[in-house]
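Below is one structure; the comments refer to it alone.
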Amino acid sequence: MSLRHELERLLGKFGQDSQRIEDSVLIGCSEQQEAWFALDLGLNSSSSINASLQKPEVEKELTGSFTELRKALYQLNVKDASLLSTAQALLRWHDTHQFCSRSGQPTKKNMAGSKRVCSSNQIIYYPQMAPVVITLVSDGTRCLLARQSFFPKGMYSALAGFCDIGESLEETVRREVAEEVGLEVERLHYSASQHWPFPNSSLMIACHATVKPGQTEIRLNLRELEAAAWFRHDEVAIALRRNNPYTQQQNGAFPFCLPPKFAIAHQLIKEWVEKPIRFTLPV
Ligand SMILES: NC(=O)C1=CN([C@@H]2O[C@H](COP(=O)(O)OP(=O)(O)OC[C@H]3O[C@@H](n4cnc5c(N)ncnc54)[C@H](OP(=O)(O)O)[C@@H]3O)[C@@H](O)[C@H]2O)C=CC1
Ligand SMILES: [Mg+2]
């Protein structure tokens with residue numbers, strides 16, 4: 001039985017129209033050139049025509065269980081986490097762009113799900129990402145990690161912030177570091193980037209930065225962060241080896257933990273642990 005037939009059978013079993021398969025979006029392709037699609041079963045939409053779908057029934061039929069996205073990203077390998085992140089962000093974008101913001105008329109998805117077109121004036125809408133910088137600040141021997149109140153207990157990460165309109169990445173890094181911890185950035189190195197599904201769809205741009213020698217006093221902005229501190233190289237190296245705050249932090253045995261492997265914050269911290277000197281010398 002083909003996957004399409006299997007999906008049609010499942011939708012039928014849950015009282016859904018098999019036409020719903022047309023709502024699928026293309027999220028990638030296997031090494032054997034098989035296309036991968038994602039479909040929103042609408043289990044979380046309150047007003048939805050799909051309200052008849054019940055989570056427990058779906059879980060039983062598929063012998064699985066639904067997990068909150070943030071937790072799932074800790075459990076999956078990097079490739080699957082990346083696919084899940086793309087699927088979730090793209091499906092959510094379609095769900096929130098059903099109507100044209102100019103005419104108020106419905107928009108229609110193209111087959112792959114890479115855009116939507118207004119049925120009355122042909123305006124094309126493309127999925128968007130918000131640029132966000134994430135910066136690991138170092139003072140030469142230590143790095144600065146911070147936590148927001150909604151992070152899993154004990155988790156610390158690098159400083160992050162949305163780019164304001166009209167700003168360059170460099171300007172955003174300097175402004176965010178100054179706003180959140182009151183420090184002045186001296187040098188900046190670009191590291192890498194990643195798509196991130198939260199809060200909607202972000203393009204995370206990761207950088208290493210250093211502060212001026214001797215200027216390391218943190219002035220914490222409590223409206224943005226719950227805590228921030230300098231961490232020694234050996235402490236961070238140990239924390240990198242433990243990975244899942246959702247399972248390991250609860251017993252309080254560890255002083256702090258870091259974001260999951262899939263998150264670019266983790267890669268940024270790992271890079272600093274492996275080559276701390278590279279990010280403190282002049283470019
Ligand atoms: N992948 C990774 O490794 C990591 C990813 N991140 C992600 O980075 C993102 C940004 O970090 P965060 O510290 O929250 O950012 P900021 O420090 O910029 O603070 C967030 C605030 O910025 C305002 N804001 C400006 N533009 C936007 C926008 N386009 N969308 C939403 N809010 C906006 C909002 O303020 P107001 O409510 O006043 O309007 C919001 O509350 C987070 O959503 C987080 O998921 C963070 C760390 C690691
Ligand atoms: Mg921030």
Side-chain angles (χ1 to χ4, degrees), residues 68-89 92-93 96-97 101 126-138 143-183 185 190-209 218-229 231 236 239-240 243-246 256-273:
E68 207 247 310
L69 181 63
R70 282 184 195 269
K71 289 188 186 168
L73 294 182
Y74 278 91
Q75 287 155 6
L76 294 170
N77 64 43
V78 169
K79 207 170 163 196
D80 288 346
S82 169
L83 264 184
L84 180 67
S85 151
T86 305
Q88 217 269 351
R92 201 157 21 142
W93 179 82
T96 52
H97 289 76
S101 57
Y126 293 98
Q128 289 168 338
M129 296 189 283
V132 175
V133 291
I134 175 154
T135 312
L136 186 65
V137 177
S138 152
C143 74
L144 192 147
L145 299 173
R147 58 171 279 113
Q148 289 179 267
S149 52
F150 67 85
F151 281 7
K153 194 173 162 225
M155 191 181 94
Y156 280 72
S157 185
L159 301 175
F162 289 94
C163 294
D164 282 347
I165 201 127
E167 266 183 342
S168 67
L169 297 180
E170 294 81 353
E171 286 166 339
T172 310
V173 170
R174 290 178 202 285
R175 176 182 55 75
E176 282 292 334
V177 173
E179 270 178 21
E180 297 194 347
V181 290
L183 292 169
V185 163
Y190 168 77
S191 168
S193 66
Q194 132 179 103
H195 169 258
W196 187 243
F198 310 108
N200 287 305
S201 205
S202 305
L203 176 64
M204 304 295 305
I205 302 140
C207 300
H208 292 276
I218 296 170
R219 276 180 288 121
L220 187 66
N221 180 344
L222 286 167
R223 275 172 306 180
E224 306 233 2
L225 298 174
E226 188 180 81
F231 289 83
V236 182
L240 262 184
N243 222 11
N244 189 342
Y246 287 104
F256 73 102
C257 57
L258 299 170
K261 270 204 180 83
F262 169 62
I264 201 157
H266 182 103
Q267 299 306 323
L268 199 58
I269 295 165
K270 186 162 176 272
E271 205 169 33
W272 179 79
V273 163

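Remember, it's 1-based here, ligands and their atoms both numbered in the order they're listed. Because the structure is predicted, anything quoted here is derived from the model rather than measured. Note that these values count all heavy atoms, side chains included, but never hydrogens, waters or copies made by symmetry.
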Inset, instruction - Non-hydrogen atoms closer than 4.0 Å to ligand 1: which protein residues do they belong to? List them by chain and number, please. - result: A130, V132, I134, Q148, S157, A160, G161, F162, E176, E180, Q194, W196, F198, P199, M204, E224, A263, I264, A265
Legend entry - Note, H208 side chain near S138 side chain (heavy atom, < 4.5 Å): no
Inset, instruction - May I ask you to check if any N/O/S atom from E180 comes under 2.8 Å of the Mg ion (ligand 2)? - result: yes
Inset, instruction - Check whether any side-chain heavy atom of W93 lies under 4.5 Å from a side-chain heavy atom of Y126, and answer yes or no. - result: no
Legend entry - R92 side-chain N/O to P197 backbone N/O, donor-acceptor pair under 3.5 Å: yes
Inset, instruction - Locate the shortest heavy-atom distance separating Q267 from K261; write the atom from each residue and the value. - result: NE2-O, 2.8 Å
Legend entry - For P131 against M129, the heavy-atom pair lying closest together: CD-O, 3.7 Å
Legend entry - Test item: side-chain donor near acceptor, H195 and S85, under 3.5 Å: yes
Inset, instruction - State whether L225 contributes an N/O/S atom found under 2.8 Å from the Mg ion (ligand 2). - result: no
Legend entry - Side-chain heavy atoms of T96 within contact of N200, under 4.5 Å: no
